[in-house]
Amino acid sequence: MVNVHCLNNIASCGLDLFTADYNTESSYEDANVVLVRSAKMHDLDLSNNLVAIARAGAGVNNIPLESCAEAGVVVFNTPGANANAVKEQVLATMLLASRDLIGGNKWVEDNKDDADIAKSTEKAKKAFAGREIAGKKLGVIGLGAIGQLVANAAISLGMEVYGYDPYLSVAAALNLSREVKHVIDVNEIYKECNYITVHVPALDSTKGMIGKEAFELMQDGTVIINCARDVLVDEDVIGDYLKSGRVKCYVTDFPNPKTANMEGALCFPHLGASSAEAEDNCAIMAVNEVRDFIENGNIKNSVNYPACNLGVCATESRVAVCHKNVPAVISKITSAMGGANVNIESMANASRGEYAYSLLDLDKQPDTSIITELASIDGVIKVRVVK
Ligand SMILES: NC(=O)C1=CN([C@@H]2O[C@H](COP(=O)(O)OP(=O)(O)OC[C@H]3O[C@@H](n4cnc5c(N)ncnc54)[C@H](O)[C@@H]3O)[C@@H](O)[C@H]2O)C=CC1
Ligand SMILES: O=C(O)CCC(=O)C(=O)O
């Protein structure tokens, strides 16, 4: 039985994909697999039972990736599975920041008992007039799964779009409308754009990336949309720029005591991925990744171990080894197998930074003494008999 613990609500259409070999009611302590959305895992212990964590979503800043790698816990995410939901949220908030639909709706709510509301409407509405987004310039910082969808959608809405992503993947580049102006200096976006939306991961290198220097370059009345993570924008200084009018509106999906009380901030309670479709997509992708890992040892969409795939095991046994990416580990593994007269029928190995992963298909079941021997090799982190 494989024990699964869900730290957050995971859509049932995903959990339903687990067969009777999985117990989805496990405690965290007994879990072999953890499914998570935004729950913070940095202060949780990583038990020896744990082999995989799947983030049903994109951002993994709530998971201690390095400690997991060091403990042989493979962490997955679900790239692109919630991107359309966030794209739609960005478009909606761009419109809300341009047309005072929220103020107008509140006015109706406040005047709902006025028998003459139809007449007063025509007088009141001028207070809620706004501007159109067509013809305006949008800067998209980060052209991954979400950024590219936002950029393309904004083009179809008649905006002029600037995109910035120094690590743009070939796949993302191919999906991007040719009308998006790809800039190599992010300052061009700060100087030129009326709307700026950020879609990068929260990393040490991206924290505070939209700060004083960026605000100083912007035009008066700039709208900033942050549906990525609060730490990307310097929220200690943005209040001053909202007061001065340099920034007209700061949309954030990550309210905190500072922004929730900030005039000019339009805050939402982390709703970007909260659509039924995104929740289903993420749950299905996460469970499929976990099942392929547990049942076949294959790794796809990990954020701390390399991709590695040997398909479905057709030999007597398969062993998976998480290890350090250092010399001689693989030769020691193969000689331990040879010494025990176990033949390696096929093998896959891949590395990612300091860590590596090997899958070995064997002609016979290795006995426990070989597994113990493998586990004791210097540089080996975790050994799992997959079949
Ligand atoms: N509000 C919400 O509910 C959601 C928020 N997110 C957030 O959005 C972020 C982006 O999500 P995806 O587009 O799915 O991820 P992604 O991994 O597909 O795209 C991220 C892009 O950022 C680029 N990038 C990295 N550093 C950069 C830098 N310094 N400057 C410019 N570009 C840089 C990468 O090259 C990549 O193309 C996630 O990391 C997460 O924090 C994601 C989904 C839902
Ligand atoms: O699961 C959620 O609602 C949060 C989604 C998110 O922030 C992400 O995928 O990075």
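In what follows, every heavy atom counts, from backbone to side chain, and hydrogens, waters and symmetry copies are set aside. Both ligands and their constituent atoms are indexed starting at 1 by order of listing. On a predicted model such as this, the values are computed, not experimentally measured, just so you know.
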Verdict with reasoning, H5 to S27, per side chain to side chain donor-acceptor pair (under 3.5 Å): CA-CA 6 Å; H5 180 78; S27 67; over 6 Å; no

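Each of the atoms 14 (O), 42 (C) of ligand 1 lies under 4.0 Å from some heavy atom of A58. In the vicinity of D253, heavy-atom distances shorter than 4.0 Å reach the ligand 1 atoms 1 (N), 2 (C), 3 (O). Counting the atoms of ligand 1 from 1 in the order shown, those under 4.0 Å from a heavy atom of H199 are 10 (C), 20 (C), 21 (C), 22 (O). Near V86, meaning under 4.0 Å from one of its heavy atoms, ligand 1 places the atoms 4 (C), 43 (C), 44 (C). Below 4.0 Å from some heavy atom of I146 lie the following atoms of ligand 1, by number and element: 8 (O), 11 (O), 12 (P), 13 (O), 14 (O), 42 (C), 43 (C). Using a 4.0 Å cut-off to heavy atoms of P201, the atoms of ligand 1 that qualify are 20 (C), 22 (O), 25 (C), 39 (O). Within the listing of ligand 1, atoms 1 (N) sit less than 4.0 angstrom from a heavy atom of F254. Against a heavy-atom cut-off of under 4.0 Å, A273 is close to the following atoms of ligand 1: 3 (O).
Checked by distance only, ligand 1 and T206 stay at 3.5 Å or farther apart across all their nitrogen or oxygen atoms. For D165, a nitrogen or oxygen atom sits less than 3.5 Å from a nitrogen or oxygen atom of ligand 1, counting backbone and side chain alike. Residue A145 places at least one N or O, backbone or side chain, under 3.5 Å from an N or O of ligand 1. Where the criterion is an N or O separation shorter than 3.5 Å, residue side chain and backbone included, L203 fails it with respect to ligand 1.
For atom 17 (O) of ligand 1, the protein comes within 4.0 Å by no heavy atom at all. Atom 32 (N) of ligand 1 lies below 4.0 Å from at least one non-hydrogen atom of the protein.
Contact between P79 and ligand 1 is absent, with no heavy atom of the residue lying under 4.0 Å from the ligand. Heavy atoms of C227 come nearer than 4.0 angstrom to ligand 1 in at least one pair.
At least one donor-acceptor pair under 3.5 Å links the side chain of N111 to the backbone N or O of W107.
In summary, K364 and E316 do not engage in a salt bridge, as defined by a charged side-chain N under 4.0 Å from a carboxylate O. Between K181 and E188, at least one side-chain N (NZ, or NE/NH1/NH2) sits under 4.0 Å from a carboxylate O, which counts as a salt bridge.
For N349 against A356, the heavy-atom pair with the smallest separation is ND2-CB, 4.4 Å.
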Using a 3.5 Å cut-off on N/O to N/O, what pairs does ligand 2 make with the protein? A line per pair would be great.
| from | atom 1 | to | atom 2 | distance (Å) |
| --- | --- | --- | --- | --- |
| ligand 2 | 1 (O) | R37 | NE | 2.7 |
| ligand 2 | 1 (O) | R37 | NH2 | 3.4 |
| ligand 2 | 1 (O) | R55 | NH1 | 3.3 |
| ligand 2 | 3 (O) | R37 | NH2 | 2.7 |
| ligand 2 | 7 (O) | R229 | NH1 | 3.0 |
| ligand 2 | 7 (O) | R229 | NH2 | 3.1 |
| ligand 2 | 7 (O) | H270 | NE2 | 2.7 |
| ligand 2 | 9 (O) | A58 | N | 2.6 |
| ligand 2 | 9 (O) | N82 | ND2 | 2.9 |
| ligand 2 | 10 (O) | G59 | N | 2.7 |
| ligand 2 | 10 (O) | R229 | NH2 | 2.9 |

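The nearest heavy-atom contact from the protein to atom 43 (C) of ligand 1 is N82 OD1, 3.4 Å.
Using a 3.5 Å distance cut-off with no hydrogens or angles, the side chains of N23 and N3 do pair a donor with an acceptor.
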